[in-house]
Number of protein chains: 2
Amino acid sequence: MSKIQHRNLYREVADRVLDLIEQGELASGDRIPERELCERFGVSRTPLREALKVLASEGVVELLPNRGARVRQLTLKMVKDTYDLMGALEGLAGELACQQISDEGIAEIRDLHGRMLDHYRNRELAEYFRVNRQIHEGILAASQNEALQEMYSNLSQRVKRVRYSKQMTDDFWRRAVEDHEAMIEALEQRDGRWLGQILREHLCNKLEVAAMDEVIDDRQRA
Amino acid sequence: MSKIQHRNLYREVADRVLDLIEQGELASGDRIPERELCERFGVSRTPLREALKVLASEGVVELLPNRGARVRQLTLKMVKDTYDLMGALEGLAGELACQQISDEGIAEIRDLHGRMLDHYRNRELAEYFRVNRQIHEGILAASQNEALQEMYSNLSQRVKRVRYSKQMTDDFWRRAVEDHEAMIEALEQRDGRWLGQILREHLCNKLEVAAMDEVIDDRQRA
DNA sequence: CGATGGAATTTTGAATTCATAATAACTTTG
DNA sequence: CAAAGTTATTATGAATTCAAAATTCCATCG
């Protein structure tokens, strides 16, 4: 594994720790072995500890006084709460986007929507999710609200490790696509209130939560 | 000034730095003098630097590589963006609160509301704002969504140093109180959607932004 | 007199060191 | 053999040290 290059070291280290968590090498609740990670990353304890403190403030890690850092346990409630929050943020993003977005911006999102529909028709789940995410990110970006985008991506990061997209009943999927149809229409009409409401209530996230149920339980048992 | 007691040192230091910023001793854009603060707090550079990194991730401070930390400049746009965000969060809190809050909880908030009205009638601005804040915090707490509360207080902290409540035209004030009347009604009817909408559009914050305009400009010129 | 170049100083970034708290290992004893 | 107490080991928290970068200060030159 390549050594880290020395610039903004603590942030670099934090990102590497996040990778380890996302890839499951550090599981929920695991103690984070300071010395070992230092050796592995080729850095001293100082930047690693700085990284851990930042990750703690971002809600990814838990610091127990005199007992080191652990990967924060995600309970089902925490994930639900986080998705509620993300919904609210997306709702705001939608409202703002309708005020701010350019016609080209709308065209781009409509284009993404078209591609998403193709993947839906072909039942290409992974591709569908990828484009789906691009649409949501596009709306976030169009809001032109940096703080909003920052918070959203922070929340998104928190729950990334339990994101789950396998089980997707036809019915849920169909309804998610319907939501997206409405979103596009609201966006083209620049009806911010409508778009905001759709996004806040968009069932995609709630669906994920439902599917996630047993996954989290599994991890907590482990 | 009393020395800091040594437990969770970096968080303690961070709070002290926040105090300095809030009290204006460290102004917007100011360089943060590492060595000096260390002496003042009676700690070494390590915990101070950890604190600064955390504050940077919380958006209060800016870290320039090899050039130290500065108090992050607040532009008017950033403050507006932040208030939009806070509105969205309060909106969500309102919706959730309607589902979660106990009858006693509602009674408490109604009580606060009554006291706020008294202060309004007596034109006691400071008292009014204090109780007003308690109401909003009460709704946040009733949402039972920890992530939401955490995020809200973080945002609130970011803009605390420019909070401004002097100019309050009678007309704005009257409308703010009207909003609150509606809020109480929505809460008592447990009409989450309505309460959410009121909170999202509650003009209190927008009012502050308007009043804040020249204040921020002043600071940026300095 | 102002601009440019180059030491001297200060500040920052990161590793190392040191003291203390927590954990593990090992006795001892009932 | 198990439980409790004690010692040894390890991990953590924070100060210190060291190298590199930036800034300041001063001298030189145009």
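Order of the sequence lines sets the chain letters (A, B, ...), proteins ahead of strands, with each chain counted from 1.
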Check every atom of C:dA14, D:dA22, D:dG13 against the side chain of B:N66 and return the nucleotide holding the closest atom. D:dA22
Separation of [X] atom [atom1] from [N] atom [atom2], in whole Å?
X     : N      : atom1 : atom2 : value
A:E39 : C:dT16 : CD    : C1'   : 15 Å
A:R31 : D:dA11 : CZ    : P     : 8 Å
A:L48 : D:dG13 : CG    : P     : 11 Å
A:L9  : D:dA21 : CG    : P     : 14 Å
B:R11 : D:dA14 : CZ    : C1'   : 18 Å
B:R35 : C:dT9  : CZ    : C1'   : 12 Å
B:E12 : D:dG13 : CD    : C1'   : 14 Å
A:E36 : D:dA11 : CD    : P     : 10 Å

Taking atom types as they are modelled, would you say the side chain of A:R67 forms a donor-acceptor pair with the base of D:dG13 within the 3.5 Å cutoff?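 By the distance-only test, no, there is no pair.
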More than 12 non-hydrogen atoms from neighbouring residues, nucleotides or ligands closer than 6.0 Å to CD on A:E146, yes or no? no
Count the heavy atoms belonging to other residues, nucleotides or ligands that lie under 6.0 Å from CZ of A:R67, then report whether that count exceeds 12. no
Determine: side-chain N/O of [X] to OP1/OP2 of [N], distance under 4.0 Å, yes or no.
X     : N      : answer
B:R45 : C:dT12 : no
A:R49 : C:dG13 : no
B:T46 : D:dA14 : no

Regarding A:E90 and A:H136, do their side chains bring together a donor and an acceptor under 3.5 Å, going by distance alone? yes
Below 30° counts as parallel, above 60° as perpendicular, anything between as tilted: where do the rings of B:H113 and B:H180 land? parallel
Kindly say whether A:A176 contributes a backbone atom to a donor-acceptor pair with the side chain of A:D179 at under 3.5 angstrom? no
Students often get this wrong, so: under 4.0 angstrom with heavy atoms, is A:E50 touching a base, only sugar-phosphate, or nothing? nothing
